[in-house]
Trainee: 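Before anything else, here's the structure in question.
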Amino acid sequence: MLRVRCLRGGSRGAEAAHLIGSMLGRAMTGWVQGAFQSYSSSAAAAQPQRALEENAVTEPERQECPVCAYNEWDPLEEVIVGRAENARVPPFTVEVKANTYEKHWPFYQKYGGQSFPEDHLKKAVAEIEEMCNILRMEGVTVQRPEPMDWSFEYNTPDFTSTGMYAAMPRDILMVVGNEIIEAPMAWRSRFFEYRAYRPLIKEYFRKGAKWTTPPKPTMSDELYDQDYPIRTVEDRHKLAAQGKFVTTEHEPCFDAADFIRAGRDLFVQRSQVTNYMGIEWMRRHLAPDYKVHIISFKDPNPMHIDATFNIIGPGLVLSNPDRPCRQVEMFEKAGWTVVKPPTPLIPDDHPLWMSSKWLSMNVLMLDPKRVMCDANEHTIHKMFENLGIKTIKVNIRHANSLGGGFHCWTTDVRRRGSLESYFH
């Protein structure tokens with residue numbers, strides 16, 4: 001936009017010309033007036049020109065958008081990796097209880113609202129730092145969220161809570177094309193988690209990325225079934241099969257990690273943290289360029305799709321054998337290869353307060369022929385070798401305890417590729 005100041009000759013010049021004309025007589029009047037008019041015209045023309053040059057506001061030079069990803073496997077160029085620093089155990093509220101198994105409830109009752117065990121957290125921080133170093137060695141640019149103090153108690157008109165962490169960017173951020181979508185979330189302890197990522201997102205926005213924030217839920221009591229009956233795995237299976245979850249349809253909510261991308265097609269599950277209103281919001285927002293498909297699994301506790309159904313290449317997906325996909329024939333008819341990963345090797349006594357052993361399949365593709373996976377899971381290494389995929393082995397066992405594997409701990413910001421259709 002150009003700002004132009006309009007400049008005109010002042011009244012003092014006119015008065016001076018009148019005085020000179022009176023003194024020199026009528027013979028000189030015409031000459032003086034002509035000279036004055038000539039000077040005023042040239043000055044008036046020159047001054048706006050200088051104003052244009054001095055006050056021109058130019059748009060920033062256009063450059064390639066730093067945000068672009070269409071799927072889970074194109075060559076990875078830039079990634080956000082979460083932080084374990086200052087991580088807190090979420091308060092043991094109804095939505096947290098519905099997403100955790102009974103054997104861990106005493107842990108939440110003891111530590112809810114407090115820090116995770118200090119020694120365990122230190123080891124998790126060190127593991128993620130090493131993971132970042134290895135990603136850089138593999139040629140990937142690594143970005144990190146801001147360190148935050150999650151211990152402060154906050155109040156809204158609808159609830160009171162403390163914070164949790166910024167460990168799992170996959171839960172809150174999703175890149176579709178050149179757009180960053182900031183998920184509204186469904187846990188009260190994660191209401192303000194977006195604040196740790198805002199400096200990064202603003203910088204991406206300044207450089208040309210689209211930035212979308214769906215409606216933020218109030219997270220009032222109406223969003224949750226306060227009497228959600230969960231005592232046994234059988235209870236959970238029955239409720240999930242009936243399509244009943246702890247989150248209601250009071251308002252849209254979703255975690256980004258319940259979606260997984262394959263070019264023009266995205267697949268999503270209705271879960272404990274993602275409701276149908278949230279899915280419908282995404283469907284309308286992404287249409288007509290993208291299609292959103294709802295799929296479901298025999299899962300007693302659905303929350304985040306990437307340890308159940310993880311797409312690792314064009315027409316290639318890891319499908320959890322303990323949580324079979326009810327629509328698997330749809331993928332087989334489309335010509336996809338559905339691979340069942342081996343049983344995880346993680347010991348029973350290793351604490352997994354917020355997830356299952358199937359984080360072994362929660363891998364991060366660096367490109368179609370390289371995958372970052374758990375250094376301890378020898379059987380899955382063999383599986384990838386048989387698929388012709390090189391394994392980049394990293395140990396994040398203590399970081400796993402906070403609720404995620406390599407896919408969860410990251411959000412891919414830029415992958416080198418183009419928008420294609422892989423599902424027909």
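Here the structure is a predicted model, which means the values were calculated and not measured.
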Trainee: How far does CD1 of Ile172 sit from OH of Tyr194, to the nearest 0.5 angstrom?
Mentor: 9.0 Å

Trainee: Do Leu364 and Leu76 have side chains that get closer than 4.5 Å, going by heavy atoms?
Mentor: yes

Trainee: Tell me, do Leu366 and Ile392 make a side-chain contact under 4.5 Å, heavy atoms counted?
Mentor: yes

Trainee: Does Gly263 offer a backbone N or O that forms a donor-acceptor pair with the side chain of Asn71 under 3.5 Å?
Mentor: no

Trainee: Compile the donor-acceptor pairs under 3.5 Å between side chains in residues 289-301 and protein atoms, sequence neighbours left out, one pair per line.
Mentor:
residue	atom	partner	partner atom	Å
His293	NE2	Asp265	OD1	2.6
Ser296	OG	Gln327	NE2	3.2
Asp299	OD1	Asn301	N	2.9
Asn301	OD1	Arg236	NH1	3.1
Asn301	ND2	Asn99	O	3.2

Trainee: Flag the pair Phe254 / Phe259 as yes when their ring centroid distance falls below 6.0 Å, and as no otherwise.
Mentor: yes

Trainee: Would you give the length of the straight line joining atom CG of Asp255 to atom CE of Met168, rounded to the nearest 0.5 angstrom?
Mentor: 12.0 Å

Trainee: Is there side-chain contact between Asn400 and Arg397, with heavy atoms separated by less than 4.5 Å?
Mentor: yes

Trainee: With distance as the sole test, does Asn320 use its side chain to make a donor-acceptor pair with the main-chain N or O of Ala307 at under 3.5 Å?
Mentor: yes

Trainee: What residues form a ring-ring contact (aromatic ring centres under 6.0 Å, His included) with Phe159, not counting sequence neighbours?
Mentor: Phe191

Trainee: Looking at CG of Leu359 and NE2 of His304, how far apart are the two atoms once the value is rounded to the nearest 0.5 Å?
Mentor: 11.5 Å

Trainee: With Tyr422, which of Phe267, Trp73, Tyr70, Phe331 fulfils ring-ring contact (aromatic ring centres under 6.0 Å, His included)?
Mentor: Trp73

Trainee: Describe, in one word, how the ring planes of His378 and His381 are oriented to each other, choosing from parallel (under 30°), tilted (30 to 60°) and perpendicular (over 60°).
Mentor: perpendicular

Trainee: Nearest 0.5 Å please: distance from the OG1 atom of Thr411 over to the CD1 atom of Ile180.
Mentor: 9.5 Å

Trainee: Would you check if Val338 and Glu332 make a side-chain contact, meaning some heavy-atom pair closer than 4.5 Å?
Mentor: yes

Trainee: Could you check if a side-chain atom of Glu179 sits within less than 4.5 angstrom of a side-chain atom of His285, using non-hydrogen atoms only?
Mentor: yes

Trainee: Locate the shortest heavy-atom distance separating Leu173 from Tyr197; write the atom from each residue and the value.
Mentor: CD1-CD2, 3.8 Å

Trainee: Please tabulate, for the side chains in residues 181-190, all donor-acceptor contacts under 3.5 angstrom to protein atoms that are two or more places apart in sequence or on a different chain.
Mentor:
residue	atom	partner	partner atom	Å
Glu182	OE1	Arg198	NE	3.1
Glu182	OE1	Trp211	NE1	3.4
Glu182	OE2	Arg198	NH2	3.0
Arg188	NE	Met219	O	2.9
Arg188	NH2	Met219	O	2.8
Arg188	NH2	Asp221	OD1	2.8
Arg190	NE	Glu193	OE1	2.7
Arg190	NH1	Asp171	OD2	2.9
Arg190	NH2	Asp171	OD2	3.0
Arg190	NH2	Glu193	OE1	3.4
Arg190	NH2	Glu193	OE2	3.0

Trainee: Between the side chain of Asn310 and the main-chain N/O of Met361, is any donor-acceptor distance below 3.5 Å?
Mentor: yes

Trainee: Is Trp358 reaching over with its side chain to a backbone N or O of Asp306, donor-acceptor style, under 3.5 angstrom?
Mentor: no

Trainee: Looking only at non-hydrogen atoms, find the nearest pair between Asp367 and Pro75 and report the distance.
Mentor: CB-CA, 3.8 Å

Trainee: What is the minimum heavy-atom distance between Asn362 and His407, and which atoms define it?
Mentor: OD1-N, 3.0 Å

Trainee: Knowing that exactly one of Leu121, Asp149, Val125 qualifies, which makes a side chain to side chain contact (heavy atoms under 4.5 Å, CB included) with Glu85?
Mentor: Val125

Trainee: Indicate yes or no for a side-chain donor-acceptor contact from Asp158 to the backbone of Ser220 under 3.5 Å, with no hydrogens or angles considered.
Mentor: no

Trainee: Considering all heavy atoms of both residues, which atom of Pro302 and which atom of Gln269 are nearest to each other, and what is their separation?
Mentor: CB-OE1, 3.7 Å

Trainee: Are Arg414 and Glu77 within salt-bridge range, i.e. N to O under 4.0 Å?
Mentor: yes

Trainee: Counting distance only, does the side-chain N/O of Arg170 pair as donor-acceptor with the main-chain N or O of Ala256 below 3.5 Å?
Mentor: no

Trainee: Go through the steps for Tyr111 and Phe116 under the test ring pair (Phe, Tyr, Trp, His ring centres under 6.0 Å), then give the verdict.
Mentor: CA-CA 7 Å; Tyr111 291 104; Phe116 282 91; 8.5 Å; no

Trainee: Do the side chain of His398 and the main chain of Glu127 share a donor and acceptor less than 3.5 angstrom apart?
Mentor: no

Trainee: Are there over 12 heavy-atom neighbours, none belonging to Phe205, within less than 6.0 Å of that residue's CZ?
Mentor: no

Trainee: Between Ser401 (side chain only) and Pro351 (backbone N and O only), is there a donor and an acceptor less than 3.5 Å apart?
Mentor: yes

Trainee: Under a 4.0 Å N-O cut-off, is there an ion pair linking Glu249 with Arg270?
Mentor: yes

Trainee: Rounded to the nearest 0.5 Å, what separates atom CG in Leu223 from atom CE in Met277?
Mentor: 10.0 Å

Trainee: Using every non-hydrogen atom in the two residues, find where Asn275 and Thr248 come nearest and quote the distance to one decimal.
Mentor: ND2-O, 2.9 Å

Trainee: Show your working on side chain to side chain contact (heavy atoms under 4.5 Å, CB included) between Trp409 and Ile128 and close with a plain yes or no.
Mentor: CA-CA 9 Å; Trp409 275 93; Ile128 296 304; 3.6 Å; yes

Trainee: Should the pair Asp322-Lys340 be classified as a salt bridge under the 4.0 Å nitrogen-to-oxygen rule?
Mentor: no

Trainee: Evaluate the side chain to side chain contact (heavy atoms under 4.5 Å, CB included) criterion for residues Tyr224 and Thr247: first the C-alpha distance (whole Å), next the side-chain angles of each, then the deciding distance (0.1 Å), finally the verdict.
Mentor: CA-CA 5 Å; Tyr224 312 102; Thr247 46; 4.3 Å; yes

Trainee: Might you point out which heavy atoms bring Gln226 and Val94 nearest each other, and give the distance in Å?
Mentor: OE1-CG1, 3.8 Å

Trainee: Hey, would you say the Trp336 and His424 ring centroids sit under 6.0 Å apart?
Mentor: no

Trainee: Heavy-atom count check: over 12 atoms from other residues, nucleotides or ligands less than 6.0 Å from Gln242 CD?
Mentor: yes

Trainee: Under 3.5 Å, side chain of Arg415 to main-chain N/O of Glu72, donor-acceptor pair present?
Mentor: yes

Trainee: Out of Lys390, Lys393, Arg370, which residue meets the salt bridge (charged side-chain N to carboxylate O under 4.0 Å, His left out) rule with Glu138?
Mentor: Arg370

Trainee: Taking atom CZ of Arg136 as the centre, does the number of heavy atoms from other residues, nucleotides or ligands within less than 6.0 Å exceed 12?
Mentor: yes

Trainee: In this structure, are over 12 heavy atoms from other groups packed under 6.0 Å from Glu118 atom CD?
Mentor: no

Trainee: If you define the side chain from C-beta out and look only at heavy atoms, does anything of Pro321 sit under 4.5 Å from Pro341?
Mentor: yes

Trainee: Are Leu345 and Asn376 close enough that some pair of their side-chain heavy atoms sits under 4.5 Å apart?
Mentor: no

Trainee: Just checking, Arg83 and Tyr165: is the charged tip under 6.0 Å from the six-membered ring centre and within 45° of the axis?
Mentor: no

Trainee: Do Arg261 and Ile311 come within less than 4.5 Å of each other through their side chains, counting heavy atoms only?
Mentor: no

Trainee: Does Asn86 use its side chain to pair, donor to acceptor, with the backbone of Trp150 at less than 3.5 Å?
Mentor: no

Trainee: Salt bridge or not for Asp119 and Lys122, using N-O below 4.0 Å?
Mentor: no

